[in-house]
Chemist: 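Sharing a structure below in structure tokens format, with a few things to ask.
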Amino acid sequence: MPSPAVPRTAAVAAVVSVALAAGLLAGSSAASAAGIRIHDIQGTTRISPLAGQQVTEVPGIVTGVRTYGSKGFWFQDTQADDNPATSEGVFVFTGSAPTVAVGDSVLVSGTVGEYIPGGTSSGNQSITQIAKPTVTVVSSGNALPAPVTITARSVPSAYAPAGDAAAGNSINALPLAPGTYALDYYESLEGTDVRIGTSRVVGATDPYAELWVTVKPSEHRTPRGGTLYGSYTAQNTGRLQIQQLTPLAEKPFPKANVGDVLSGTTEGPLDFNQFGGYTITARTLGTVTDGGLKRESTRKQSRGELAVATYNVENLDPSDPQEKFDALAAAVVNNLASPDIVALEEIQDDNGAKNTGIVTAGETLKKFTAAIAAAGGPAYEWRSIDPENNKDGGEPGGNIRQVFLFNPERVSFTDRPGGDAKTATAVVKGGQGRAALTLSPGRVDPANTAWENSRKPLAGEFTFRGRTVFVIANHFGSKGGDEGLTSHHQPPSRSSETKRLQQAQAVNAFVKDILKTDRCADVLVLGDINDFEFSATTTALTDGGALYPAVKSLPRRQRYSYVYQGNSQVLDQILTSPAVGDFSYDSVHINAEFADQNSDHDPQVLRFRP
């Protein structure tokens, strides 16, 4: 007969509340609990009903051992209860290399706690664990409990319940409903040995030896094999992170691209970590089958088309290996077809992330433009404005900024001197009643608090075939500080949106100044917007019909420039003023879906006839 769940007392609830604030639930004066099974420890909510209590000789079979990072082991009860909400596995934190082996039958005594990866400010869910353990090995070489197989049918289509408003939108205290919500389903398996079959890779292998798969082959599938994040309610329930328990020194982690397949069986305990949430820590890892993903190339612009691109080159500076410069340059020439104008983001200063006070980037740009020319591209010229030291965010000492490259054989830049880090460019009426910039290049509203510790927009005035084109290059504030989709707050807090919303409003106001002077002006706002096409940021940029997000001209399943935690999503954008009528838009997928990347962003290209 299954053991009854142990109710949470008021005293234990108080311990939980206090300890959660410290990021770790462990150790209290609560009475010891004997005769306890693992499902009693896990309980029917995200917080153990025994948090803070001592437990004695809890039985189970070791299913996984981790000798790196958070060292410890998982063990699982062979006598499951009949409640699908209670997990039968739990992690034992040893702090040093465990002395047990998979298949050992053990009795574990220790303190039940709730550890929050990343701390309480992260919003992450907690991991139920036993700490300060005393472990007795009863026998070895035992068969493991049958794993729970996770399939497309077993994972609910609804992502998460709405959080309890009285608890700050937290779902921690809500009874788990594993048959209704995906997050509840995964939580009901926390610490349990799970298995997946052949699954599609939706997040390429990263530098930390992890990849993402989906167990739902048809869930928001992109044409290239990814999974689209198309709205705040399209979290994609089938995604799981995959790591391996075998140390990398013993067995390298496989390289996989989006659209590849993790074939065969992948099996191990289901963990939760701060960099992605629910993760299969694979004891048995499937093999990667190549899906044949190829890097895209956009078409060449016609003689009468102006081609404008945006490309985040990920902290490029002279200390980077020549191979990175050459690869980025080859992409500009071969994959982007040598656009007439390229707005670059994350160009660092001449000594990179060394905090020496240097802010110039001439050496970085000389090296990059020389590499483009060597790859068969045009002899690009550049325009930019050096930032104040350590005032624009990014790596300390790196002084990233936006830069315009342009092909002088195809387009000319209108230089109006005087622009510097602190001086704002403005819009005036020029010849024939056309709009003009007072400073070109110039910064847009740099004193606005929206740009504090963030990159200021760079505005430039170009001429193509006698027509003026205004280009505003941006790198909005990052998503740092936002809670993950697996947060215990549902919906998760997206605190970084506040700054991007203010930044978008400032850029929108500047575009409106141009259009008030000349409603037929050709204006392009582009760059790493760091936000989705459906976000409040994009809505603010388009306010009053001033701009249109060109990515929306693509079929819905092709709208992405970045892959994060297995979600293909939009971060990089080009937006157009109303006069930019017919255009051709391309999100050129050359980086984000690949394990080998020259940047983590895909460049965007827009072609039109001014």
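Note that the structure is a prediction, hence the values are computed from the model and not measured. Positions are given from 1, in the same order as the sequence printed here.
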Chemist: Can you confirm whether R519 is buried at CZ, in the sense that more than 12 heavy atoms of other residues, nucleotides or ligands lie under 6.0 Å from that atom?
Modeler: no
Chemist: Looking at every non-hydrogen atom in both residues, tell me the closest pair between Q348 and A361 and how far apart they are.
Modeler: O-CB, 3.5 Å
Chemist: Do R299 and E305 sit within salt-bridge range, that is, some charged N less than 4.0 Å from a carboxylate O?
Modeler: yes
Chemist: Taking all non-hydrogen atoms of both residues, which atom of L328 and which atom of Y311 are closest, and how far apart?
Modeler: CD2-OH, 3.4 Å
Chemist: Hey, is the main chain of R559 close enough, under 3.5 Å, to the side chain of E533 for a donor-acceptor pair?
Modeler: no
Chemist: Applying salt bridge (Lys or Arg N to Asp or Glu O under 4.0 Å), name anything that partners E395, two or more places apart in sequence or on another chain.
Modeler: none
Chemist: Does atom CD (Q322) have a neighbourhood of more than 12 heavy atoms from anything else shown, all under 6.0 Å?
Modeler: yes
Chemist: Take R200 and T227 through the side-chain contact (heavy atoms from CB on, under 4.5 Å) test and state the conclusion after the steps.
Modeler: CA-CA 10 Å; R200 190 176 78 253; T227 299; 3.5 Å; yes
Chemist: Test side chain to side chain donor-acceptor pair (under 3.5 Å) on D602 and S587; report intermediate values, then the result.
Modeler: CA-CA 7 Å; D602 286 334; S587 183; 5.1 Å; no
Chemist: Would V403 and F368 satisfy side-chain contact (heavy atoms from CB on, under 4.5 Å), going step by step from the backbone distance to the final call?
Modeler: CA-CA 12 Å; V403 174; F368 189 35; over 6 Å; no
Chemist: Do side-chain atoms of N124 reach the backbone of P117 as a donor and acceptor pair under 3.5 angstrom?
Modeler: yes
Chemist: Assess the side chains of R609 and S302: does a donor N or O sit below 3.5 Å from an acceptor N or O?
Modeler: yes
Chemist: So for atom CD, which belongs to E452, do other residues, nucleotides or ligands contribute more than 12 heavy atoms lying within a distance under 6.0 Å?
Modeler: no
Chemist: Are D600 and N591 close enough that a side-chain donor and a side-chain acceptor fall under 3.5 Å?
Modeler: no
Chemist: Would you kindly check if the NZ (Lys) or CZ (Arg) of K479 is within the cone defined by 45 degrees around the ring axis of F532 and under 6.0 Å from the six-membered ring centre?
Modeler: yes
Chemist: Verify, without hydrogens or angle tests, whether R455 (side chain) and N474 (backbone) share a donor-acceptor contact under 3.5 angstrom.
Modeler: no
Chemist: Could you tell me whether D260 and K255 have a side-chain N and a carboxylate O separated by less than 4.0 Å?
Modeler: no
Chemist: Please check: side-chain N/O of N355 versus main-chain N/O of P396, any donor-acceptor pairing under 3.5 Å?
Modeler: no
Chemist: Taking atom OH as the centre, does Y232 end up with more than 12 heavy-atom neighbours from other residues, nucleotides or ligands that are less than 6.0 angstrom away?
Modeler: yes
Chemist: Does R239 qualify as a cation-pi partner of Y229, given the criterion of NZ or CZ under 6.0 Å from the six-membered ring centre and within 45 degrees of its axis?
Modeler: no
Chemist: Please name the pair of heavy atoms, one in A204 and one in A595, separated by the smallest distance, quoted to 0.1 Å.
Modeler: CB-N, 3.6 Å
Chemist: Please determine whether side-chain contact (heavy atoms from CB on, under 4.5 Å) holds for the pair F510 and L437, giving the CA-CA distance in whole Å, both sets of side-chain angles, and the decisive distance to 0.1 Å.
Modeler: CA-CA 11 Å; F510 186 76; L437 301 181; 3.7 Å; yes
Chemist: Does S561 reach the main-chain N or O of D572 with its side chain, forming a donor-acceptor pair under 3.5 Å?
Modeler: yes
Chemist: Return yes if a side-chain donor-acceptor contact under 3.5 Å exists between Y159 and Q490, otherwise no.
Modeler: no
Chemist: Would you say the side chain of L526 lies within less than 4.5 Å of the side chain of I472, judging by non-hydrogen atoms?
Modeler: no
Chemist: Considering only heavy atoms from C-beta outward, does the side chain of F583 approach that of Y548 to under 4.5 Å?
Modeler: yes
Chemist: Would S495 and S493 count as a side chain to side chain donor-acceptor pair (under 3.5 Å) here? Give the steps.
Modeler: CA-CA 6 Å; S495 59; S493 169; 4.7 Å; no
Chemist: Roughly how far, to the nearest 0.5 Å, is the CG atom of L501 from the CG atom of D531?
Modeler: 9.5 Å
Chemist: Sequence neighbours excluded, which residues qualify as ring pair (Phe, Tyr, Trp, His ring centres under 6.0 Å) partners of F404?
Modeler: F462
Chemist: Taking R221's backbone N and O only, do any of them form a donor-acceptor pair with R557's side chain (distance below 3.5 Å, no angle check)?
Modeler: yes
Chemist: F413 vs F406 aromatic rings, parallel, tilted or perpendicular, using cut-offs 30° and 60°?
Modeler: parallel
Chemist: Compare every heavy atom of T463 with every heavy atom of V411, then report the nearest pair and how far apart it is.
Modeler: CG2-O, 3.1 Å
Chemist: May I ask you to test the S338-N407 pair for a side-chain heavy-atom distance under 4.5 Å?
Modeler: no
Chemist: Measure the shortest side-chain to side-chain distance between L439 and R416 over non-hydrogen atoms and say whether it is less than 4.5 angstrom.
Modeler: no
Chemist: May I ask you to decide if G225's main-chain N or O and T222's side chain share a donor-acceptor pair within less than 3.5 Å?
Modeler: yes
Chemist: Show the nearest heavy-atom pair for residues L240 and Y278, with the distance to one decimal.
Modeler: CD2-O, 3.9 Å
Chemist: T576 and L524: side-chain contact (heavy atoms from CB on, under 4.5 Å), yes or no, with the steps?
Modeler: CA-CA 5 Å; T576 62; L524 299 178; 3.7 Å; yes
Chemist: Do the side-chain N and O atoms of D350 and T360 include a donor-acceptor pair separated by under 3.5 angstrom?
Modeler: yes
Chemist: Give a yes or no on whether the backbone of H589 and the side-chain of E296 come within a donor-acceptor separation of less than 3.5 Å.
Modeler: yes
Chemist: Does the side chain of R401 come within less than 4.5 Å of D349's, by heavy atoms?
Modeler: yes
Chemist: How long is the straight-line distance from NZ of K552 back to OG1 of T542, given to the nearest 0.5 Å?
Modeler: 7.0 Å
Chemist: Checking D528 side chain against N530 main chain: does a donor-acceptor pair fall under 3.5 Å?
Modeler: yes
Chemist: Measure the spacing between CG of D596 and OG1 of T205 and express it to the nearest 0.5 Å.
Modeler: 9.5 Å
Chemist: Nearest heavy-atom pair of D518 and A435: which atoms, and what distance?
Modeler: CB-N, 3.8 Å
Chemist: Is a donor on one side and an acceptor on the other found under 3.5 Å between the side chain of D420 and the backbone of T423?
Modeler: yes
Chemist: With no hydrogens and no angle check, just 3.5 Å: does a side-chain donor-acceptor pair link Y560 and E593?
Modeler: yes
Chemist: Do S535 and R500 get their side chains close enough for a donor-acceptor pair, meaning under 3.5 Å?
Modeler: no
Chemist: Assess the side chains of E345 and T310: does a donor N or O sit below 3.5 Å from an acceptor N or O?
Modeler: yes
Chemist: Determine which pairs satisfy side-chain hydrogen bond (donor to acceptor under 3.5 Å, both in side chains) with at least one residue from residues 364-385, sequence neighbours left out, and list them in order.
Modeler: R383-D415
Chemist: Distance alone, cut at 3.5 Å: any donor-acceptor contact between the side chains of S584 and R607?
Modeler: yes
Chemist: Is the shortest side-chain N to carboxylate O distance from K512 to D543 below 4.0 Å?
Modeler: yes
Chemist: Does the distance from a Lys or Arg side-chain N to an Asp or Glu carboxylate O, for D392 and K456, drop under 4.0 Å?
Modeler: yes
Chemist: Do S568 and V563 have side chains that get closer than 4.5 Å, going by heavy atoms?
Modeler: yes
Chemist: For atom NZ of K300, is the number of surrounding heavy atoms from other residues, nucleotides or ligands below 6.0 Å larger than 12?
Modeler: yes
Chemist: Would a 4.5 Å heavy-atom cut-off, applied to side chains only, mark R224 and V258 as touching?
Modeler: no
Chemist: Taking the side chain as everything from C-beta on, heavy atoms only, tell me whether Q503 gets closer than 4.5 Å to S454.
Modeler: yes
